[in-house]
Amino acid sequence: MRISHLPLRVSIGAFVLNSGMGKRSLEGEAAQGMHKMAVGAVPQLGKLDPDRFARLLSRAEIALGVALLAPFVPSALAGLGLAAFGAGLVQLYLRTPGMREAGSLRPTQQGIGLAKDVWLLGAGLTLVLDDLTHGRRRH
């Protein structure tokens, strides 16, 4: 890991890890609500029980947070995980009714919370690209 990646990886890693830890005990109506929103964006997730979905999401966020915080995990690998996670959130934003103004990518008041997650996608891609291009410059 490059030292210049440290602020990005620590800040996002801590945030994602905390989010995953907060979802560990999600069940019942809270898990159902989160599951319903996810199924709207990715219908295949409907095959999962809402409580199981919440547990898997929690574990995935914890794993991603730890990967970002662990200095021995290459930035390109941690960035790929972050970019995939961010892309999933962007997909959720784009496919969930009421999140965007009609005919636009601009968020509604309701959509701001999801629209802002585009930074996770950008940060993940930055880690991947910087790690890959930095590696080429050394050779």
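Heads up: numbering here begins at 1 and tracks the sequence. Heavy atoms only: backbone and side chains are in, while hydrogens, waters and symmetry mates are out.
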Atom CD of Gln110 and atom OG1 of Thr96: how far apart are they, to the nearest 0.5 Å? 10.0 Å
Would a single hydrophobic cluster contain both Leu57 and Val66, if residues Ile, Leu, Val, Met, Phe, Trp and Tyr are joined by side-chain heavy-atom contacts under 4.5 Å? no
Once rounded to the nearest 0.5 Å, what's the spacing between atom NE2 of His35 and atom CG of Asp49? 7.5 Å
Ignoring hydrogens and angles, write down the donor-acceptor pairs under 3.5 Å from the side chains of residues 6-28, residues two or more places apart or on other chains.
from  : atom 1 : to    : atom 2 : distance (Å)
Arg9  : NE     : Leu68 : O      : 2.9
Arg9  : NH1    : Val73 : O      : 2.9
Arg9  : NH1    : Ser75 : OG     : 3.0
Arg9  : NH2    : Ala67 : O      : 2.9
Arg9  : NH2    : Leu68 : O      : 3.4
Arg9  : NH2    : Ala70 : O      : 2.9
Arg9  : NH2    : Val73 : O      : 3.0
Ser11 : OG     : Pro7  : O      : 2.8
Ser11 : OG     : Leu8  : O      : 3.3
Ser19 : OG     : Lys23 : NZ     : 2.8
Ser19 : OG     : Glu61 : OE1    : 2.6
Lys23 : NZ     : Glu61 : OE1    : 3.2
Lys23 : NZ     : Glu61 : OE2    : 3.2
Arg24 : NE     : Met21 : O      : 3.1

Indicate the atoms forming the closest heavy-atom contact of Asp131 with Ala76, along with that distance. OD2-N, 3.0 Å
Check whether Tyr93 reaches the backbone of Leu105 with its side chain - one donor and one acceptor, N or O, closer than 3.5 Å. yes
When hydrophobic residues are tied together by side-chain contacts of less than 4.5 Å, even through go-betweens, does Leu69 share a cluster with Phe85? no
Within a radius of less than 6.0 Å around CD of Glu101, do more than 12 heavy atoms belonging to other residues, nucleotides or ligands occur? yes
Answer yes or no: is there a donor N or O on one side and an acceptor on the other, between the side chain of Arg100 and the main chain of Leu94, under 3.5 Å? yes
Would you say Leu80 and Leu132 are hydrophobically clustered, going by side-chain heavy atoms of ILVMFWY under 4.5 Å? yes
Tell me if the NZ atom of Lys36 is crowded by more than 12 foreign heavy atoms within 6.0 Å. no
Going by side-chain heavy atoms closer than 4.5 Å, which hydrophobic residues are tied to Ile112, directly or by a chain of links? none
If hydrophobic clusters are built from ILVMFWY residues whose side chains come within less than 4.5 Å, do Leu45 and Met34 share one? yes
Rounded to the nearest 0.5 Å, what separation is found between the CG atom of Asp130 and the CG atom of Leu125? 12.0 Å
Between CG of Leu127 and NE2 of His5, what distance do you get to the nearest 0.5 Å? 5.5 Å
Rounding to 0.5 Å, atoms OG1 (Thr126) and CG (Leu121) come to a distance of 9.0 Å
Is there a chain of hydrophobic side chains (I, L, V, M, F, W, Y, each step under 4.5 Å between heavy atoms) that links Leu64 to Trp119? yes
